[in-house]
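In this chain, numbering begins with 1 at the start of the sequence shown. As the structure is a computational prediction, the values presented were derived from the model and not from experiment.
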Amino acid sequence: MSSNLVKGTAILTIGLFLSKALGLLYLIPFYAIVGEDNIVLYQYAYVPYNIALAIAISGAPLAISKYVSKYNALGDYATGRKLLKSGMLIMTITGIASFLALYFLAEPIAHLVHRSDDQTFNVADVTTVIRWVSYALLAVPIMSVIRGYLQGNQKMEPTAVSQLVEQIVRIIVVLAGAYIVVNFMGDSPKTAINFAVFAAFIGALASLVVLYKYWVKYKPEFDYLIENSPPANDISLLEMYKEVITYTLPFVFVGVINPLYQFVDMLTFNEAMKSIGLAKVSDTYLGMLNLLTHKFVMIPVMVATGFSMALIPVITNFYTKKDQQGITRSLDQTYQIMLYLTIPMVIGLMVLSDEFYQFLYSKSDVGATILASYAPVAILFGLYTVTAAILQGIDKHKWIVFTSLIGLLFKLMLNIPLIKMFETNGAIIATAIGYTLAVAMNITVIKKTLHYKSEMVVRRIILIVLLNLVMLVSVVITLKGLRAISPVESKTQAFLYILICATFGAGIYGYLSLKLGLAQKLFGSRITRFTKKFGL
């Protein structure tokens with residue numbers, strides 16, 4: 001069972017990573033098809049959709065998985081099946097309610113977004129695209145129940161495969177549909193984007209087909225376990241969902257907070273830009289901020305938090321046992337690995353912002369500047385995710401809600417005045433302030449609750465920063481040398497410069513980390529065995 005679980009977890013992790021990677025890469029051809037001026041319409045649909053989706057299902061797979069796993073461990077397989085049957089009905093209702101809410105709120109949201117006739121898109125354009133994406137809410141909540149039930153039965157493969165299939169089908173429909181609409185039908189990019197957002201519904205249907213096939217495969221095994229287990233516990237549906245909701249709520253809030261920050265930008269950015277005479281470019285700049293560069297910024301977050309989140313169950317275990325030494329060691333390792341992985345990627349995005357933007361999209365001084373300014377916020381995104389997860393592990397759920405709301409409140413208060421002062425950078429500064437407050441409060445609660453204090457981790461973080469400064473200088477010198485030889489003129493050349501600088505920077509960072517013993521201390525015996533082979 002243990003080896004199967006490890007294998008399943010590995011498959012799930014790989015599937016999630018591939019799904020996220022595809023979510024970034026498909027933007028390259030899609031951007032080329034619809035153009036820079038039109039792609040913000042895609043973002044106008046997905047920000048409210050992501051909020052509705054997070055409220056409808058965020059945390060549901062994990063909560064259901066935890067519930068099913070708990071009762072399966074007691075030999076009560078029938079209770080998990082009972083949750084599946086009722087959950088399918090409830091999530092169907094939730095999906096329909098979410099769809100109707102987003103569909104009919106589309107026009108009011110569009111009025112909030114459209115602040116000037118000088119903008120690229122009118123109220124009808126924004127309303128239509130939000131309504132097209134809302135159909136996906138009819139299918140996605142049902143998926144979450146099935147995935148949760150299968151995961152609770154230690155079947156991780158269906159979730160990984162269905163997510164990957166969902167993403168692949170969605171991307172194929174997005175790209176093929178947009179290309180046909182624009183190049184063969186001769187229609188406008190607006191129509192292509194409407195079709196592209198509807199692809200979320202088609203991808204969800206494909207995922208449901210995959211999950212159904214897995215259900216048919218595993219159902220005989222599940223039926224056998226139910227038939228040979230004691231009768232189900234006498235648990236009412238009210239008690240059942242009270243427990244499930246207790247598991248779910250913290251994950252809902254963590255899942256929805258980033259889309260809420262983007263929603264604040266979506267509602268306030270155009271108004272603020274209009275007030276300083278920049279209404280004509282506000283749609284384009286908002287698309288650069290909330291979609292094109294945001295995808296970049298989430299790469300360091302995904303890698304770093306994915307690595308460090310594996311340590312969270314260990315912290316929970318030590319907290320339960322009141323093992324102070326184990327708590328300190330685990331938190332030290334979490335913070336160090338998080339920053340060790342995130343900071344160099346952030347520096348890379350900042351220094352190579354022109355090359356990255358030109359390679360994936362097109363040459364744009366404005367887009368590259370936004371990316372360079374936005375990249376450091378990835379560190380705050382990662383720290384928020386990690387600290388919130390630690391608070392979940394030690395049952396401080398109310399603090400997650402409180403600190404997150406404080407950060408969001410400051411974002412809301414500061415966004416318009418800062419945008420008026422600094423344009424797009426103002427929105428980035430407001431986001432950074434909101435997340436800084438939330439992270440600082442989370443860390444304070446963690447320190448007081450766990451009596452955590454470590455001078456060693458402060459010294460290590462200083463060392464990590466110094467190593468990154470050395471890497472930064474070397475990459476800047478390398479890039480300036482390359483640009484002096486030949487300025488970047490094409491996507492191929494931009495990619496080549498990224499490859500050369502990234503390889504050189506990573507080589508220096510890795511060598512110094514190994515030479516000073518930092519990598520060995522963070523990643524353990526496998527790194528040590530590797531360094532001995534090369535005499536480091």
Next item on the list: Output all residues satisfying ring pair (Phe, Tyr, Trp, His ring centres under 6.0 Å) with Tyr285, sequence neighbours left out; order by chain, then residue number.
Entry: none
Item checked: Sidechain N-carboxylate O distance under 4.0 Å for Arg483, Glu355 -> yes
Notebook entry, point to check: Should Met298 and Val301 be marked as a side-chain contact (heavy atoms from CB on, under 4.5 Å) after you check the CA-CA gap, both sets of side-chain angles, and the distance that decides it?
Noted result: CA-CA 5 Å; Met298 295 311 290; Val301 180; 4.1 Å; yes
Checklist line | Evaluation steps, side-chain contact (heavy atoms from CB on, under 4.5 Å), between Met441 and Trp399 | finding: CA-CA 9 Å; Met441 288 187 285; Trp399 277 107; 5.9 Å; no
Next item on the list: Assess whether side-chain contact (heavy atoms from CB on, under 4.5 Å) is satisfied between His294 and Met288, documenting all intermediate values.
Entry: CA-CA 8 Å; His294 187 76; Met288 290 175 173; over 6 Å; no
Notebook entry, point to check: Mind checking whether Pro48 and Met266 have side chains closer than 4.5 Å, heavy atoms only?
Noted result: yes
Margin query: Under 3.5 Å, is there a donor on one side chain and an acceptor on the other for Tyr509 and Ser474?
Written below: no
Item checked: Shortest non-hydrogen contact between Ala272 and Lys420, atoms and distance -> O-CG, 4.2 Å
Margin query: Working note: Asn258 + Tyr384, criterion side chain to side chain donor-acceptor pair (under 3.5 Å); need CA distance, chi angles, decisive distance, verdict.
Written below: CA-CA 10 Å; Asn258 195 266; Tyr384 170 80; over 6 Å; no
Checklist line | Side-chain heavy atoms of Asn290 within contact of Val40, under 4.5 Å | finding: no
Margin query: Please report whether the ring centroid of Tyr497 lies less than 6.0 Å from that of Phe356.
Written below: no
Check: Does some side-chain heavy atom of Gln163 sit less than 4.5 Å from a side-chain heavy atom of Ser207?
Finding: no
Next item on the list: Before accepting this row, confirm whether a basic side-chain N of the pair Glu36/Lys363 lies closer than 4.0 Å to the acidic partner's carboxylate O.
Entry: no
Checklist line | Phe381, Tyr435, Phe269, Tyr374 screened by ring-ring contact (aromatic ring centres under 6.0 Å, His included) with Tyr261, the one that passes | finding: Tyr435
Notebook entry, point to check: Is the closest side-chain heavy-atom distance between Thr120 and Leu41 below 4.5 Å?
Noted result: no
Check: Between Thr387 and Tyr335, is any pair of side-chain heavy atoms under 4.5 Å apart?
Finding: yes
Notebook entry, point to check: Are any non-hydrogen side-chain atoms of Tyr452 and Asp332 less than 4.5 angstrom apart?
Noted result: yes
Margin query: Looking at every heavy atom in both Ala427 and Leu289, which two are closest together, and how far apart are they?
Written below: CB-CD2, 3.8 Å
Note to self: Quick check against the 3.5 Å criterion: does Ser162 have a side-chain atom that pairs as donor or acceptor with the backbone of Thr159?
What the structure shows: yes
Margin query: Within the 4.5 Å heavy-atom criterion, are Leu391 and Val445 side-chain neighbours or not?
Written below: yes
Next item on the list: Look at the side chain of Gln333 and the backbone N and O of Thr328, then say whether any donor-acceptor pair between them is shorter than 3.5 Å.
Entry: no
Check: Run the side-chain contact (heavy atoms from CB on, under 4.5 Å) check on Val297 and Val346 step by step: do they pass?
Finding: CA-CA 8 Å; Val297 172; Val346 166; over 6 Å; no
Note to self: Looking at Lys411 and Asp265, is there a salt bridge between them, counting it only when a charged N and a carboxylate O are closer than 4.0 Å?
What the structure shows: yes
Next item on the list: Mind checking the OH-CD1 spacing from Tyr46 to Ile51? Nearest 0.5 Å is all I need.
Entry: 14.5 Å
Item checked: 4.5 Å side-chain heavy-atom contact, Asp354 and Val488 -> no
Margin query: Over 60° means perpendicular and under 30° means parallel, so tell me whether Tyr26 and Tyr42 are parallel, tilted or perpendicular.
Written below: perpendicular
